[in-house]
Amino acid sequence: MRTRALSLLLALAASFFSPSVAITDTIDLTTSVSGNQTLLSAGGVFQLGFFSPTGARTYLGIWYASIPNKTIIVWVANRNNPLVRTPGVLNLTSDGRLVIFDRRNTTVWSSPAATTGNQITTRAAAQLRDNGNFLLSSDGSGSPESVAWQSFDYPTDTLLPGMKLGMDLKKRLSWNITSWSSATDPSSGIYTFKLVMGGLPEFFLFRGPEVIYASGPFNGAGLTGVPNLRAPSFVFKVVSTRDETYYSYAVTDLSLLSRFAVNGEAERVQRYVWTNGNWSSFWYYPSDPCDSYAMCGPFGYCDMSATPLCSCLPGFQPLSQQRWDLRDATGGCVRSTNLTCAGAGDGFWPMNRMKLPQATNATVYADVTLDRCRQVCLANCSCRAYSAANMSGGVSRGCVIWAIDLLDMRQYSGVVQDVYIRLAQSEVDALSAAAAARRRPNRKLLIAVVATVAGVLLLAAIGCCCFWRNVKRKKLQAKTAPSASSRGQRQIDDPIHSEEDLDLPLFDMDVLLAATDNFAVDYMIGQGGFGSVYMAQLEDGQEVAIKRLSQKSLQGIGEFKNEVKLIAKVQHRNLVRLLGCCIDGDERMLVYEFMHNNSLDTFIFDEGKREQLAWKNRFDIILGIARGLLYLHEDSRVRIIHRDMKASNVLLDRNMVPKISDFGIARMFGGDQTTEYTMKIIGTYGYMSPEYALDGIFSMKSDVYSFGVLVIEIITGRRNRGFYVDELDLNLLCYAWTLWKEGRAVDLLDEAMAGTYDYSVVLRCIQVALLCVQVHPRSRPLMSSVVMMLSSENATMPEPNEPGVNMGKNTLDMDLYPIHTGTNFTAVDAR
Ligand SMILES: *[C@@H]1O[C@H](CO)[C@@H](O)[C@H](O)[C@H]1NC(C)=O
Ligand SMILES: *[C@@H]1O[C@H](CO)[C@@H](O)[C@H](O)[C@H]1NC(C)=O
Ligand SMILES: *[C@@H]1O[C@H](CO)[C@@H](O)[C@H](O)[C@H]1NC(C)=O
Ligand SMILES: *[C@@H]1O[C@H](CO)[C@@H](O)[C@H](O)[C@H]1NC(C)=O
Ligand SMILES: *[C@@H]1O[C@H](CO)[C@@H](O)[C@H](O)[C@H]1NC(C)=O
Ligand SMILES: *[C@@H]1O[C@H](CO)[C@@H](O)[C@H](O)[C@H]1NC(C)=O
Ligand SMILES: *[C@@H]1O[C@H](CO)[C@@H](O)[C@H](O)[C@H]1NC(C)=O
Ligand SMILES: *[C@@H]1O[C@H](CO)[C@@H](O)[C@H](O)[C@H]1NC(C)=O
Ligand SMILES: *[C@@H]1O[C@H](CO)[C@@H](O)[C@H](O)[C@H]1NC(C)=O
Ligand SMILES: *[C@@H]1O[C@H](CO)[C@@H](O)[C@H](O)[C@H]1NC(C)=O
């Protein structure tokens, strides 16, 4: 539908504009603009002239000079007064008005006459500026005092950087934006986004008389319904003074073309950025169901992380339980117990992290403290709630009381404002008692939990036994020889000690043995694909992780050492640093910097710890992993394909910075990095791309696939393997793609993130992840594109197709190993 409208628009665009002659950026009392003539701003950014979308009607407008076909008109002078089948001329008249005349000299449109005190002189001129403003100054100087009229004060449907949306109380101007009627009809449509003043100012998107979205009241610090008004290259502000209240934005990167507009077709306000020959947009409101105005009715509130989305405020119950059960919450809620409206009969219950209820009809007391506010509310029987009126600088000041129904509330993690709901004291007491009970552990529940945990542990232990037997058997085969010489006996003729290796720290076996108490089990912190990992503190106090490789390398000592040397030089903020190695007989050990927060899987798949990872952390982790992988693939001196990217191979340092581990190990095991075919599958089912799992073909694109799986796991908090939706035999990737197709991708989010996320960024991540797991390696992006798409709001991205899924032909084998105990198992499947 939209693409058809777009192509129609593009087709029409060709006929919109006749070839034009740009003359200058200014008209004065003696010049005019007519026919094909245009004004071009000094830097060539904007152009002003007449245009005819359908041929019959002609309008005066401003568009981007640099964008081909000029399909986006950012301002229209006479949107509701077109020139019908007649050419027009724009003149500046001697009384200081810009006037559009038709063929018969009839005035079709005119700007208001200059206000008194701004005497028009013979030097008066109107200039088209590079910011898109068409500015008429009384003496031609363009200085602020001389401004008689400017197009920025009369927005059409678009806000450009520097334009204001709001109200100028002195000049009684409303800066609002209204959609076009249709793609080819600039006349005022039914969607308007504007500021409504009142108790607390708030921006509303109207469809005709009806509000469909509200920004949340402005509380001095921000709009309480837009908790994360931040984006790279943009600066947003909301200003409220005695003279004016407005929203405005600026771009820090001046080469960026951007606009903010009412999109009538999509029924939303939207910010667009021009990139790669297209307008892209990842930021719009309303952006999720909870953004629909008053979605949960009076005294209800919305929470994207709850099911159902709507809840009644504490002490309230649905007006109609039946409709509520049918997920129609618009009727809202009513009190369970009536207020007494007498002295100590009522109390308050705080609601945290709220988008404030619609407050244009609330009452604000600027100089009242929050304590006093409570008294004011108690003393007025119609008061339903109170809150601080001004949170500027994070400090509560002033007071707002609602003597009206509480509408359009939602709960977020990103907002820091509490609303105190007035309830009968008996309700407050009941709620306090219930809250206290929740804090006390429930005996029955405790017993049930203990029993369950014990059961799981038992199962895990059985699983571990199988696992250990297996590993032991392998070890036994591998280690009979080296154990004799493993007590730090250095062979004199050992080539590794006879060369000088200033750039490759070699650790002495004795040192490592001492630091780990002869590799005692107590020191073991993990069991990875290539061996066990021990934590140790060296004599100088440095904490290190020692990986004791259990597999036989196909390489000789010299080769191995070269490999280690190479890998030790691959250093990046998002890669675990290899400090050195230890070679003793057949025994090979790698010494790494120690990571205090263990591996990513111990967070995202852990019921207790997943809550510590808010969306922001998760996004930073995703981006960090992408950067680390990009470095391995494209930026380091040797190209390294990881071949085993997974959650347990991402370690977290003290500051939760993600670091990829185990890169380069595949090389040390003779994995030939130059051919794209391997005899040895090194990797983990669930993360392996179909072509790698089936045919052993690996490339950077197989790492990209694993990265995609990992991102989905980070977002959902679920493992790709071991995830099944009831009855539907969907694996996690298919499930993600299905939800994406149905536009419900947000349902994928780990509930533990509870509304802390930025919806558009989440969608972007999911889209990137789905692109990474495409069946065909060539459809997957390179890591450089991945990083670009993740970090730029305005990147254009293709729609993902169905993901490629490797069902794992060794499923039976794999199921022997406990998938849910966090054991970090790597399938090494000799083929
Ligand atoms: C602009 O219009 C011309 C034809 O008038 C067309 O060939 C070209 O593809 C259009 N460009 C864009 C970006 O739509
Ligand atoms: C305006 O455009 C029309 C059609 O493209 C052309 O015939 C005419 O010569 C142009 N007029 C001027 C003044 O350039
Ligand atoms: C508009 O301005 C032009 C150029 O100054 C002039 O020739 C023309 O007569 C003016 N038209 C009207 C209606 O004043
Ligand atoms: C329009 O106004 C201009 C200047 O005032 C005049 O020269 C011209 O004859 C007028 N044209 C018509 C059709 O009245
Ligand atoms: C939008 O602003 C214009 C100019 O101030 C004003 O005339 C118009 O009534 C406003 N529209 C709405 C819907 O407030
Ligand atoms: C909020 O309080 C700050 C600090 O006192 C003040 O500067 C600001 O103007 C207030 N904002 C509003 C909207 O009243
Ligand atoms: C612009 O977007 C259209 C439709 O979304 C797409 O077909 C076209 O390839 C894009 N152009 C570029 C240069 O990305
Ligand atoms: C609560 O108040 C309403 C109207 O004020 C009344 O109809 C209703 O009966 C009252 N409920 C109780 C339980 O007193
Ligand atoms: C606020 O009060 C005015 C006047 O009573 C009313 O017209 C308007 O609808 C109210 N606004 C809301 C959002 O309830
Ligand atoms: C209660 O508060 C409302 C809103 O502030 C006000 O209109 C009303 O007069 C107050 N009633 C009393 C009894 O003070």
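Just so you know, ligand 1 is whichever comes first in the structure, and atom 1 is the first atom listed for that ligand. Along the sequence shown, residues carry numbers from 1.
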Atoms of ligand 5, numbered as shown, that sit under 4.0 Å from any heavy atom of N176: 1 (C), 2 (O), 3 (C), 8 (C), 10 (C), 11 (N), 12 (C), 14 (O)
Before signing off on this row, confirm whether S382 and ligand 10 have an N or O atom pair separated by under 3.5 Å. no
Measure the distance from [atom] to every protein heavy atom, then report the residue, atom name and distance (to 0.1 Å) of the closest one.
| atom | result |
| --- | --- |
| atom 5 (O) of ligand 5 | S174 O, 2.9 Å |
| atom 11 (N) of ligand 10 | N380 ND2, 3.0 Å |
| atom 4 (C) of ligand 3 | T30 O, 3.5 Å |

What I want to check is whether the side chains of Q358 and D408 have a donor and an acceptor closer together than 3.5 Å. no
Do N133 and S151 pair up side chain to side chain, a donor and an acceptor below 3.5 Å, judged on atom types alone? yes
Aromatic rings W109 and W149: how do their planes relate, parallel, tilted or perpendicular, breaks at 30° and 60°? perpendicular
Under 4.0 Å, heavy-atom basis, I'd like to know which part of N91 is in contact with ligand 3: side chain, backbone, both or neither. side chain
Would you say C296 and C302 have SG atoms less than 2.5 angstrom apart? no
Regarding ligand 5, does [X] bring an N or O atom to under 3.5 Å of one of the ligand's N or O atoms?
| X | result |
| --- | --- |
| Y154 | no |
| W175 | no |
| K194 | yes |

F50 and side chain to side chain contact (heavy atoms under 4.5 Å, CB included): which single residue from V89, N78, T58 fits? T58
For the aromatic rings, using the six-membered ring if either is Trp, is the centroid distance between F193 and W175 under 6.0 Å? no
Give a yes or no on this: more than 12 heavy atoms of other residues, nucleotides or ligands lie within 6.0 Å of atom CZ of R259. yes
Any idea which atoms of ligand 10 are less than 4.0 Å away from a heavy-atom of T363? 4 (C), 5 (O)
The atoms of ligand 10 lying under 4.0 Å from a heavy atom of A403, numbered in the order shown, are 3 (C), 4 (C)
[atom] protein-contacted, heavy-atom criterion under 4.0 angstrom:
| atom | answer |
| --- | --- |
| atom 2 (O) of ligand 10 | yes |
| atom 14 (O) of ligand 3 | yes |
| atom 7 (O) of ligand 10 | no |

Return the OG to CZ distance between S141 and R123, rounded to the nearest 0.5 Å. 8.0 Å
So how far is it from W279 CH2 to Y272 OH, rounded to the nearest 0.5 Å? 9.5 Å
